[in-house]
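As structure tokens, the structure follows; a few thoughts come after it.
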Amino acid sequence: MPGRARDLPADGLSRAQAAEELERLAAEIAHHDRLYHQQDAPEVSDAEYDALRRRNEAIEARFPDLVRADSPSRRVGAAPAGGFAKVRHRAPMLSLSNAFDAEDIAEFFARVRRFLNLGEAPVELVAEPKIDGLSISLRYERGRFVQGATRGDGTEGEDVTANLRTLGDLPQAIGDGAPDVLEVRGEVYIARDDFLNLNRVQEAAGAKVFANPRNAAAGSLRQIDTQVTAGRPLALFAYALGEVSEAVAETHWGFLERLRGWGFPTNPLAQVCSGVDEVLAFYDDVLARRADLPYDIDGIVYKVSRFDWQERLGFVSRAPRWAIAHKFPAEQAETRLARISIQVGRTGALTPVAELEPVTVGGVVVSRATLHNEDEIARKDIREGDRVVVQRAGDVIPQVVAVVAEKGRRRKPRYDFPEICPVCESTATREPGEAVRRCTGGLICPAQSVERLRHFVSRNAFDIDGLGDKHIRAFFEDGLIESPADLFTLAARDDDAETPLREREGWGPTSAAKLFDAIESRRRIALDRFIYALGIRQVGQATAKLLARNYGTFEAWRAAMTKAADPDSPDYADLVNIDQIGPLVAADLIAFFAEPRNQTILDGLLEQLDIEAAVAPDVSGSPVAGKTVVFTGTLESQSRNEAKARAEALGVKVAGSVSGKTDYVVVGAEAGSKARKAAELGVTTLSEQEWLDLIGRSGQ
DNA sequence: CAGCCTCGAGTTCT
DNA sequence: CTCGAGGCTG
């Protein structure tokens with residue numbers, strides 16, 4: 001092993017030696033993290049790995065000023081991607097809704113108008129090219145650049161401050177006039193010429209050649225070694241505002257001007273447009289010049305310029321109502337469809353997948369594409385052996401667009417969609433009105449069983465590390481794990497197994513022990529995760545949370561679901577009265593509990609697990625804790641969802657319809673039948689203001 | 001009953 | 001990311 005310095009005690013090192021060794025340790029530990037987390041193939045023992053980390057910490061303790069931005073000690077836990085600390089975005093980084101044609105744009109304008117009640121008044125929009133790079137957030141405090149982060153999932157990204165500092169385009173300080181806190185959002189990209197040069201250099205050095213500028217930019221920004229990033233031609237355009245301590249402009253256009261004043265590069269093509277026609281003219285103009293631009297763009301973004309209007313328009317789920325991305329037509333490619341195969345999902349859904357002769361589309365080699373369902377194949381008349389046009393939807397998921405007519409070529413017969421499950425051979429049926437055909441094998445279908453297990457251990461369910469698809473499949477096929485409860489007896493059974501896990505192909509003592517640890521650490525689990533993990537149809541994360549909150553404990557939930565089988569029971573009424581749960585979701589829940597084998601599975605799991613009751617919100621001093629409230633009509637001070645979220649935080653159960661159990665009905669403007677029903681039942685009704693007074697300050 | 005909006009389920013590749 | 005479907009509002 002190189003670097004003899006490591007043999008010295010930490011306090012015997014010179015500064016230079018220490019710096020050098022810290023750099024090496026950071027790279028080495030990152031390397032092992034990668035092998036372990038991403039490839040399931042550690043090459044050192046846990047003890048050796050721990051020794052590396054301890055050595056790193058010892059040197060850092062001795063030379064605190066040498067702690068590196070990418071130091072392993074600064075990573076939160078073991079970052080699964082191996083590398084950077086997580087950063088929580090104080091203002092979430094949103095995505096945009098997409099428009100694909102003039103009609104979508106007209107609709108967008110109409111919606112903005114309707115929402116703002118504008119009549120014929122013009123709406124000014126700022127139109128700017130949508131750069132095909134990666135979004136980042138740059139935080140300035142008292143005018144100095146303090147932190148930069150990737151978008152991540154929009155809520156939480158990765159801290160790439162050190163790497164961003166190497167960008168020549170990025171102002172390190174923005175002067176005296178800047179607000180105390182200013183977050184600027186922008187796009188990091190690599191220009192086309194720079195990309196070609198970079199690949200030439202990479203190739204000459206025998207290093208990895210990047211598929212496209214965006215991948216090159218992403219790879220360059222996520223380098224562990226800041227020096228590598230510094231050598232890459234990364235560039236920046238700033239275009240949006242995150243958290244800010246004081247107003248910096250009244251319009252988006254004004255904000256762009258301020259950005260330029262602070263020294264940020266902004267896109268030179270950006271311009272103000274009013275009306276559909278101007279916007280579309282800009283789109284056509286930029287589309288025509290697309291090939292001559294020095295960087296890749298994948299569309300145009302339109303934003304309502306006035307900030308006060310943006311505020312009023314607000315958001316729909318995670319996208320602003322005041323902006324839209326007008327996408328350019330996706331890049332397409334032709335290839336041959338070798339054959340159609342059928343996958344069986346967790347719910348038994350049979351999904352056809354096109355196996356393609358590999359082809360490059362938008363810089364990525366694609367060899368499979370989803371065909372969605374039976375009707376889709378029939379509609380496009382896709383047959384095996386056809387030549388097809390492929391594109392990547394939203395530049396990500398490959399799809400087959402159409403069949404290319406070939407003169408004189410004899411086509412295969414129409415594709416016969418199987419009516420039996422290709423795995424378990426049970427009949428596959430299609431409910432009237434539904435698009436999917438489903439295997440009826442249920443619990444006996446091996447494909448469904450494997451998919452259910454995958455779901456059970458997946459990230460948002462039990463989150464068991466080190467148990468990938470391949471391992472699940474192998475364990476299932478060998479009869480090691482057939483039902484979820486078997487996971488938790490795996491370690492105990494392993495002791496007297498003929499072939500213990502550590503001797504299986506691809507496993508060693510360390511990885512086996514790691515897996516057992518990972519499973520062990522999940523014996524305690526939150527109720528909502530547990531409910532989600534069961535994989536009940538139509539019960540995803542959101543519904544699982546809802547059920548956990550409403551029933552509190554597993555026992556209460558189970559008892560209620562079993563009793564709710566009687567549609568006249570109060571339990572059924574309670575269930576469908578939960579906001580967002582209707583008769584169809586209720587039916588799937590009841591069906592799950594009515595299946596004796598599911599009850600057996602639950603009993604098996606209960607023996608192994610400790611299911612935590614849902615954490616009740618802190619409702620001390622809440623005047624409305626435990627009350628059931630119904631909101632109806634249009635609220636003025638907040639959206640219904642905000643009102644609901646606040647009420648829930650105060651321990652309120654928000655119901656969808658009025659019943660004898662309802663404590664209050666909060667009546668907004670233009671309330672209809674619910675207010676009447678409240679009167680009939682003698683339920684207390686409150687105006688929005690009375691409600692706010694009742695919950696007082698705590699609701700704000 | 002139409003027109004949202006939200007949620008679930010399924011998928012690709014790095 | 002996209003599609004389809006469920007649920008709610010008006």
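From a predicted model like this one, the values you see are computed outputs, not experimental measurements. Naming: A, B, ... by sequence-line order, numbering from 1 per chain. Values below: all heavy atoms of this structure, side chains included; hydrogens, waters and symmetry mates excluded.
Of the two residues contacting DNA chain B, namely Gln541(A) and Val365(A), the nearest-nucleotide position lying further toward the 5' end is that of Gln541(A).
Ranking dT12(B), dG6(C), dA5(C) by closeness to the Val353(A) side chain, first place goes to dT12(B). Checking dG6(C), dC8(C), dC13(B) against every side-chain atom of Gln580(A), the shortest atom distance belongs to dC8(C). When distances run from any side-chain atom of Ala542(A) to the nucleotides dG6(C), dG8(B), dC5(B), the shortest one goes to dG8(B). In the set dT11(B), dG4(C), dG7(C), dG7(C) carries the atom at the smallest distance from any side-chain atom of Val585(A). Among the nucleotides dG6(C), dT12(B), dA5(C), the one closest to the side chain of Pro398(A) is dT12(B). Residue Arg368(A) has its side chain nearest to dC13(B) when only dC7(B), dC13(B), dG6(C) are considered. Among the nucleotides dT12(B), dG6(C), dT11(B), the one closest to the side chain of Thr370(A) is dT11(B). When distances run from any side-chain atom of Gln343(A) to the nucleotides dT11(B), dG7(C), dG4(C), the shortest one goes to dT11(B). Closest to the His372(A) side chain, of the nucleotides dG6(C), dC3(C), dC5(B), is dC3(C).
Distance Leu546(A) CG to dC7(B) C1': 11 Å, rounded to the nearest Å. Rounded to whole Å, the distance from CZ on Arg537(A) to C1' on dA5(C) is 12 Å. Taking atom CD of residue Gln538(A) and atom P of nucleotide dC3(C), one finds them 20 Å apart after rounding to whole Å. One can place OH of Tyr532(A) at 8 Å from P of dG8(B), the figure rounded to the nearest angstrom. Straight-line distance from the NZ atom of Lys545(A) to the P atom of dG8(B): 10 Å, rounded to whole Å. As a whole-Å value, the separation of Ile536(A) CD1 from dC7(B) P is 18 Å. Rounded to whole Å, atom P of dG6(C) lies 14 Å from atom CG of Leu589(A). Going from atom CD1 of Ile578(A) over to atom P of dG6(C) covers 18 Å, rounded to whole Å.
Taking 4.0 angstrom as the limit, Thr543(A) places a side-chain polar atom (N or O) nearer than this to OP1 or OP2 of dG8(B). A sub-4.0 Å separation between OP1 or OP2 of dA9(B) and a side-chain N or O of Arg346(A) is present. Distances shown here put every side-chain N or O of Gln399(A) at or beyond 4.0 Å from the OP1 or OP2 atom of dT11(B). Between Thr347(A) and the phosphate of dG10(B), there is a side-chain N or O to OP1/OP2 separation shorter than 4.0 Å. Within the 4.0 Å cut-off from OP1 or OP2 of dA9(B), not a single side-chain nitrogen or oxygen of Thr351(A) is found.
Under the rule for a side chain to side chain contact (heavy atoms under 4.5 Å, CB included), the partners of Ser135(A) that lie at least two apart in sequence or sit in another chain are Met93(A), Arg151(A), Glu187(A), Tyr239(A). Remark: Arg387(A) pairs with Glu334(A) by the salt bridge (Lys or Arg N to Asp or Glu O under 4.0 Å) rule, at least two apart or across chains.
Rounded to the nearest 0.5 Å, atoms OH (Tyr415(A)) and CG (Leu371(A)) are 9.0 Å apart.
When ring centroids are compared, Tyr532(A) and His455(A) come within the 6.0 Å threshold.
In this structure, Ala349(A) reaches the sugar-phosphate backbone alone: every heavy-atom distance under 4.0 Å involves primed, P, OP1 or OP2 atoms, never a base. Backbone-only contact: Val366(A) has heavy atoms under 4.0 Å from sugar-phosphate atoms and none from a base.
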| field | Stepwise ring pair (Phe, Tyr, Trp, His ring centres under 6.0 Å) check, Trp322(A) with Phe108(A) | value | CA-CA 9 Å; Trp322(A) 41 265; Phe108(A) 168 71; 9.7 Å; no

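Formation of a donor-acceptor pair under 3.5 Å by the Arg214(A) side chain with backbone atoms of Asp132(A) is not found in this model.
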